[in-house]
S.K.: 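This is the structure, below, for whatever I ask next.
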Amino acid sequence: MAEHPDTPDFAPLDSLLHEERVFRPLPETLAAALVSPARLRQAREQAEADPLAFWEEAAEELDWFGRWDQVLDDASPPFYRWFPGGRCNIVYNALDRHIQTAAKNRLALIWEGEPGDCRTLTYYELFRHVNRFANALKSLGVRKGDRVVLYMPSLPETVIAMLAVAKIGAVHSLVFAGYSAKALKDRIDDARAVCVITVDGFYRNGRVLQLKQVLDDALLLGGHAPETVVVCHRAHVDVEMQDGRDYWYEELVRAERPQCPCEVMDSNDMLFVLYTSGATGKPKGIVHTHGGYMVGVSRTFRWVFDINPTDIYWCTADLGWITGHSYAVYGPLMAGATTVLYEGHPLYPQADRLWSTIARYGVTILYTVPTLIRMLMRFGKELPRKHDLSTLRLLGSVGEPLNPEAWVWLHKHIGRQQCPLLDTWWQTETGMIMVSPLPASLLKPGSVTRPLPGIVADVVDAAGAPVPPDKGGLLVIKTPWPAMLAGIYNDPDRYVEEYWSVIPGAYLTGDVARKDEDGYLWMQGRADDVLVIAGHRIGAAELESGLVSHKAVAEAAVVGVPDAIRGEVAKAFVILAEGYEPASALIKELKAHLKRELGPVAVLGAMEFPASLPKTRSGKIVRRILKARERGEEVGDVTGVEE
């Protein structure tokens with residue numbers, strides 16, 4: 001996630017994208033929806049009249065060891081404390097309580113490795129695995145409040161480790177398995193981790209990546225030294241084990257008891273620290289706590305995904321990202337749902353891996369990222385047609401803005417024009433979905449619709465004043481919400497400065513958006529991805545959306561480059577759809593197409609056709625790398641970036 005920009009001179013943006021299509025929910029969707037339109041209206045009215053009562057009702061749906069003293073302590077803003085005095089443990093809600101219900105023998109996890117191997121775990125089996133590893137961690141001396149770094153890919157053992165660490169009251173910090181030794185070392189140092197859990201190796205895009213070796217390299221760089229290292233077998237490659245420090249996971253858990261009580265936590269005790277890279281390359285640890293996080297994630301998962309006991313839910317996010325935390329692990333498990341995990345590259349061994357996986361397990365809900373959808377569009381509609389996707393009943397999107405053409409393609413060719421397509425907006429910092437339709441909502445392709453009940457979001461100028469409808473501005477959140485970050489680890493001043501100082505009294509998201517006459521929000525990208533062309537301020541996302549609406553364009557990234565006359569001009573990096581080749585005639589056609597779509601302001605200065613775009617493994621295009629290359633500047637930290 002990008003750093004939040006300084007925005008003292010930020011002015012409203014021009015809005016170029018005009019989308020008129022509207023999709024109404026089908027009658028059968030309305031009839032079956034967990035949250036009907038009438039219930040949604042009631043919830044909005046309730047949340048507006050008494051927001052604390054609204055969130056207290058959500059908290060009462062979960063199990064607590066002791067009730068809170070108050071819903072929100074706002075005595076020292078922006079250091080808000082949700083449910084102070086409440087005694088809880090999120091793992092009890094994600095696991096232990098299900099063992100007393102019919103969910104005990106329901107599948108909790110379906111996991112598939114990249115080579116095609118598969119494992120399943122019921123809630124009872126997962127419960128026993130977690131308890132054994134929790135006891136093993138205790139035997140290694142890990143205690144409440146200790147930080148434990150997990151350097152792991154998406155495996156069942158990663159989920160087990162997350163839950164085991166949280167169960168005993170320690171703090172997990174999952175480091176994305178694509179990060180380098182230096183990036184890993186920085187995170188171990190900042191967290192002062194007492195223990196690191198990793199794997200020997202794992203499969204990605206047909207190769208074995210040796211994580212234990214990367215960890216050893218990181219520890220050789222010096223700095224803070226963890227007391228213990230736990231290594232899971234996955235790829236069965238040779239690794240060096242250091243006596244007295246390194247332990248095999250399988251040997252540790254073999255002799256442990258399958259019972260372990262949850263540590264009783266205060267609602268505001270730390271649950272996890274998740275590091276974001278930021279534009280400067282300096283990681284910052286976003287802190288989330290047990291009580292507020294579990295309330296916000298539980299409520300939004302149930303409402304947005306309309307979950308029921310027969311669902312097979314698949315969130316394609318890597319567990320190392322916040323989406324993996326909130327909506328691949330904690331949200332589904334608190335709801336007693338079955339969640340699917342996949343280890344490897346989404347296009348391996350071929351581009352229909354996503355569709356074949358849905359058909360193989362009868363997935364009913366798919367939550368994925370726009371960049372993956374745009375990549376798959378390159379391969380056409382024939383690949384999904386080869387697989388039975390009829391089990392799908394709901395589609396979701398998260399990450400970058402989902403442009404209207406990709407929205408319509410996904411709705412038509414994957415959702416059979418029958419599945420509600422829910423484009424969601426939220427961040428690592430928000431912890432939970434903030435803006436999203438529900439299945440019974442009226443949908444506009446390209447819009448994330450309206451803030452969820454209990455969320456007060458607005459589009460403002462640099463002074464914090466609301467901008468007129470259809471003008472772009474800074475997206476801010478005006479009131480606290482339960483799953484909000486509790487701060488930046490070891491850096492409270494940075495928390496205040498980056499998030500709460502630019503627009504006094506409001507949380508600065510760092511994103512730009514516009515709001516239409518119906519109150520629907522349209523995301524325009526990051527505030528630091530705004531281009532200023534001949535005095536017009538334009539979000540990069542709108543130019544990219546205009547380009548990918550042409551049939552020859554599969555993906556596009558646009559950055560601003562200096563221009564002596566206009567101040568800045570747009571340069572586009574375009575990935576062509578199958579069957580198209582770079583040519584001067586095509587460049588001319590694309591430039592003309594962009595002007596037709598967005599108006600005469602949309603002037604492209606240059607266009608390139610690279611083989612790929614730099615992206616995080618969560619699918620976000622890293623525009624700062626493209627911009628730095630164009631300007632001859634240092635590109636900064638590129639660990640975790642794929643091209």
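Owing to the predicted nature of the structure, the values given are computational and were not obtained by experimental measurement. All values below come from the heavy atoms of this structure, side chains included, with hydrogens, waters and symmetry mates left out.
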S.K.: In this structure, is the centre-to-centre distance between the rings of Tyr361 and Tyr342 below 6.0 Å?
M.R.: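 Between Tyr342 and Tyr361, the centre distance exceeds or equals 6.0 Å.
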S.K.: For the backbone of Leu521 and the side chain of Ser447, can you confirm whether one donor and one acceptor N or O come within less than 3.5 Å of each other?
M.R.: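 Confirmed, Ser447 side chain pairs with Leu521 backbone.
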S.K.: Give the minimum heavy-atom separation between Glu343 and Phe202, together with the two atoms involved.
M.R.: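 Closest approach of Glu343 to Phe202, heavy atoms only: OE2-CB, 3.5 Å.
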S.K.: Going by atom types only, do Thr122 and Asn105 share a side-chain donor-acceptor pair under 3.5 Å?
M.R.: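 Distance-only check fails for Thr122 and Asn105.
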S.K.: Kindly say whether Val295 contributes a backbone atom to a donor-acceptor pair with the side chain of Arg299 at under 3.5 angstrom?
M.R.: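 No; zero donor-acceptor contacts below 3.5 Å.
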S.K.: For Glu555, is there an ion pair with Lys615 - N to carboxylate O distance below 4.0 angstrom?
M.R.: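 Between Glu555 and Lys615 there is a salt bridge, with a charged N closer than 4.0 Å to a carboxylate O.
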S.K.: Evaluate Tyr123 against Thr101 for side-chain contact (heavy atoms from CB on, under 4.5 Å), listing each step before the verdict.
M.R.: CA-CA 10 Å; Tyr123 273 89; Thr101 72; over 6 Å; no
S.K.: Closest approach of Ala166 and His172, non-hydrogen atoms and distance?
M.R.: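 Heavy-atom minimum between the residues: CB-CD2, 4.4 Å.
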S.K.: Given side-chain contact (heavy atoms from CB on, under 4.5 Å), test Leu274 with His288 step by step and report yes or no.
M.R.: CA-CA 8 Å; Leu274 188 56; His288 284 287; 5.8 Å; no
S.K.: Would you say Tyr203's side chain and His345's backbone share a donor-acceptor pair under 3.5 angstrom?
M.R.: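 No: the side chain of Tyr203 does not pair with the backbone of His345.
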S.K.: For the residue pair Leu395 and His411, establish whether any side-chain heavy-atom pair is separated by less than 4.5 Å.
M.R.: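 They are not in contact (no side-chain heavy atoms under 4.5 Å apart), so the answer is no.
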S.K.: For residues 412-423, which side-chain N or O atoms pair as donor and acceptor with protein atoms under 3.5 Å away, sequence neighbours left out?
M.R.:
from	atom 1	to	atom 2	distance (Å)
Arg416	NH1	Leu389	O	3.1
Arg416	NH1	Leu392	O	3.4
Arg416	NH2	Leu392	O	3.1

S.K.: Could you walk me through whether Glu114 and Arg353 satisfy the salt bridge (Lys or Arg N to Asp or Glu O under 4.0 Å) test, starting with their C-alpha distance in whole Å, then the side-chain angles of each, then the deciding distance to 0.1 Å, before giving a yes or no?
M.R.: CA-CA 10 Å; Glu114 190 179 83; Arg353 185 66 184 254; over 6 Å; no
S.K.: Could you give the distance from CG (Leu443) to OG1 (Thr449), rounded to the nearest 0.5 Å?
M.R.: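 Reported value, rounded in 0.5 Å steps: 7.5 Å.
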S.K.: Can you list the steps and then say if Ser397 with Ile373 is a side-chain contact (heavy atoms from CB on, under 4.5 Å)?
M.R.: CA-CA 9 Å; Ser397 172; Ile373 296 305; over 6 Å; no
S.K.: If we only count heavy atoms from C-beta on, is the Met152 to Leu319 side-chain gap below 4.5 Å?
M.R.: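 Counting from C-beta outward, Met152 and Leu319 never come under 4.5 Å.
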S.K.: Between Asp200 (side chain) and Arg234 (backbone), is there a donor-acceptor pair under 3.5 Å?
M.R.: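 Such a contact is found between Asp200 side chain and Arg234 backbone.
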S.K.: If you look at every heavy atom in Gly344 and Arg204, which pair is closest and at what distance?
M.R.: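 Smallest heavy-atom distance, with atoms named: O-NH1, 3.3 Å.
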S.K.: Got a second to check how far Arg378's CZ is from Ile575's CD1, nearest 0.5 Å?
M.R.: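 The CZ atom of Arg378 sits 6.0 Å away from the CD1 atom of Ile575.
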S.K.: Can you check ring-ring contact (aromatic ring centres under 6.0 Å, His included) on Tyr249 and Phe133, steps first, answer last?
M.R.: CA-CA 8 Å; Tyr249 170 91; Phe133 192 47; 4.8 Å; yes
S.K.: For a 4.5 angstrom cut-off between non-hydrogen side-chain atoms, does Thr158 reach Ile197?
M.R.: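 The answer is no; the side chains never approach within 4.5 Å.
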S.K.: Is there a donor-acceptor contact under 3.5 Å from the side chain of Arg119 to the main chain of Trp111?
M.R.: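 Checking the backbone N and O of Trp111 against the side chain of Arg119, no donor-acceptor pair under 3.5 Å is found.
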S.K.: Short question: side chain of Thr428, backbone of Ile322 - any donor-acceptor pair under 3.5 Å?
M.R.: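 Answer holds: no.
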S.K.: Given Arg360 and Ser356, is the side-chain hydrogen bond (donor to acceptor under 3.5 Å, both in side chains) satisfied, shown in steps?
M.R.: CA-CA 6 Å; Arg360 198 173 310 118; Ser356 68; 3.0 Å; yes
S.K.: Do the side chain of Trp64 and the main chain of Ala59 share a donor and acceptor less than 3.5 angstrom apart?
M.R.: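 Yes, the answer is positive, given that a donor and an acceptor are paired below the 3.5 Å cut-off.
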S.K.: Answer yes or no: is there a side-chain heavy-atom contact under 4.5 Å between Asn403 and Ser549?
M.R.: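 Sidechains of Ser549 and Asn403: no contact.
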S.K.: Ion pair present between Arg385 and Glu382, side-chain N to carboxylate O less than 4.0 angstrom?
M.R.: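 Here Arg385 pairs with Glu382 in a salt bridge, since their nearest N and O are under 4.0 Å apart.
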S.K.: Backbone N or O of Thr509 within a donor-acceptor pair of the Gln427 side chain at under 3.5 Å?
M.R.: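 Pair found, side chain donor or acceptor close to backbone of Thr509.
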S.K.: Does the separation of the ring centres of Trp355 and Phe379 fall below 6.0 angstrom?
M.R.: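 So the answer is no for these two rings.
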S.K.: Could you check, using the six-membered ring where one of them is a Trp, whether Tyr330 and Phe301 have ring centers closer than 6.0 angstrom?
M.R.: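 Not under 6.0 Å, so no.
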S.K.: Taking C-beta and beyond as the side chain, do Leu109 and Thr120 meet within less than 4.5 Å on heavy atoms?
M.R.: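 No, their side chains stay 4.5 Å or more apart.
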S.K.: Got a donor-acceptor contact below 3.5 angstrom from the Arg187 side chain to the Ala183 backbone?
M.R.: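 Flag set: sc Arg187 to bb Ala183 pair under 3.5 Å.
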S.K.: Quick check: do Leu271 and Thr289 have side-chain heavy atoms less than 4.5 Å from each other?
M.R.: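 Not touching, per the 4.5 Å side-chain cut-off.
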S.K.: Just wondering, more than 12 heavy atoms not from Asp238 lying within 6.0 Å of its CG?
M.R.: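 Atom CG in Asp238 is not crowded, with 12 or fewer foreign heavy atoms closer than 6.0 Å.
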S.K.: Are the aromatic rings of Phe272 and Tyr293 close, with centres under 6.0 Å apart?
M.R.: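 Yes: the rings meet the under 6.0 Å criterion.
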S.K.: In Å and rounded to the nearest 0.5 Å, what is the CD1 to CD1 distance from Ile365 to Ile312?
M.R.: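 That separation rounds to 9.5 Å.
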S.K.: Quick test of your reading of the model: are Glu19 and Lys444 salt-bridged, counting only N-O distances below 4.0 Å?
M.R.: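 Between Lys444 and Glu19 there is no salt bridge, as every charged N stays at least 4.0 Å from the carboxylate O atoms.
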S.K.: Using salt bridge (Lys or Arg N to Asp or Glu O under 4.0 Å), reason through Glu405 and Arg21 one step at a time and then give a plain yes or no.
M.R.: CA-CA 11 Å; Glu405 296 311 311; Arg21 288 171 286 189; 3.1 Å; yes
S.K.: If every non-hydrogen atom of Leu333 is compared with every non-hydrogen atom of Val159, which pair is closest and at what distance?
M.R.: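 Minimum heavy-atom separation between Leu333 and Val159: CD1-CG1, 4.3 Å.
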S.K.: Can you tell me how far OG1 of Thr364 sits from CD1 of Ile307, rounded to the nearest 0.5 angstrom?
M.R.: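 That separation rounds to 6.5 Å.
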S.K.: Side chains of Lys138 and Cys260, heavy atoms from C-beta outward: is any pair under 4.5 Å?
M.R.: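 Counting from C-beta outward, Lys138 and Cys260 do come under 4.5 Å.
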S.K.: A side-chain contact here means heavy atoms from C-beta on lying under 4.5 Å apart; do Lys212 and Gln210 qualify?
M.R.: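 Result no, sub-4.5 Å side-chain heavy-atom pair not found.
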S.K.: Evaluate the side-chain contact (heavy atoms from CB on, under 4.5 Å) criterion for residues Val196 and Val148: first the C-alpha distance (whole Å), next the side-chain angles of each, then the deciding distance (0.1 Å), finally the verdict.
M.R.: CA-CA 6 Å; Val196 180; Val148 179; over 6 Å; no
S.K.: Can you tell me how far CD1 of Ile433 sits from CD1 of Ile455, rounded to the nearest 0.5 angstrom?
M.R.: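 Reported to 0.5 Å precision, the distance equals 11.0 Å.
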S.K.: Would you check if the side chain of Ser173 reaches a backbone N or O of Val149 as a donor-acceptor pair within less than 3.5 Å?
M.R.: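 Judged by distance alone, no pair lies under 3.5 Å.
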S.K.: Measure across Ala317 and Gly324 and return the closest heavy-atom pair with its distance rounded to 0.1 Å.
M.R.: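 Between these two residues, the closest heavy atoms are CB-N, 3.9 Å.
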S.K.: How long is the straight-line distance from OH of Tyr275 back to CG of Leu184, given to the nearest 0.5 Å?
M.R.: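 It comes to 11.0 Å.
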S.K.: Is there a donor in the side chain of Thr323 and an acceptor in the side chain of Tyr367, or the other way round, less than 3.5 Å apart?
M.R.: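 No, because no side-chain N or O of Thr323 sits under 3.5 Å from a partner of the opposite role on Tyr367.
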S.K.: Any salt bridge between Glu28 and Arg393, counting N to O under 4.0 Å?
M.R.: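 The answer is no: the pair does not qualify as a salt bridge.
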S.K.: What's the shortest heavy-atom distance between Trp314 and Leu354, and which atoms?
M.R.: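 Shortest heavy-atom contact: CH2-CD1, 3.4 Å.
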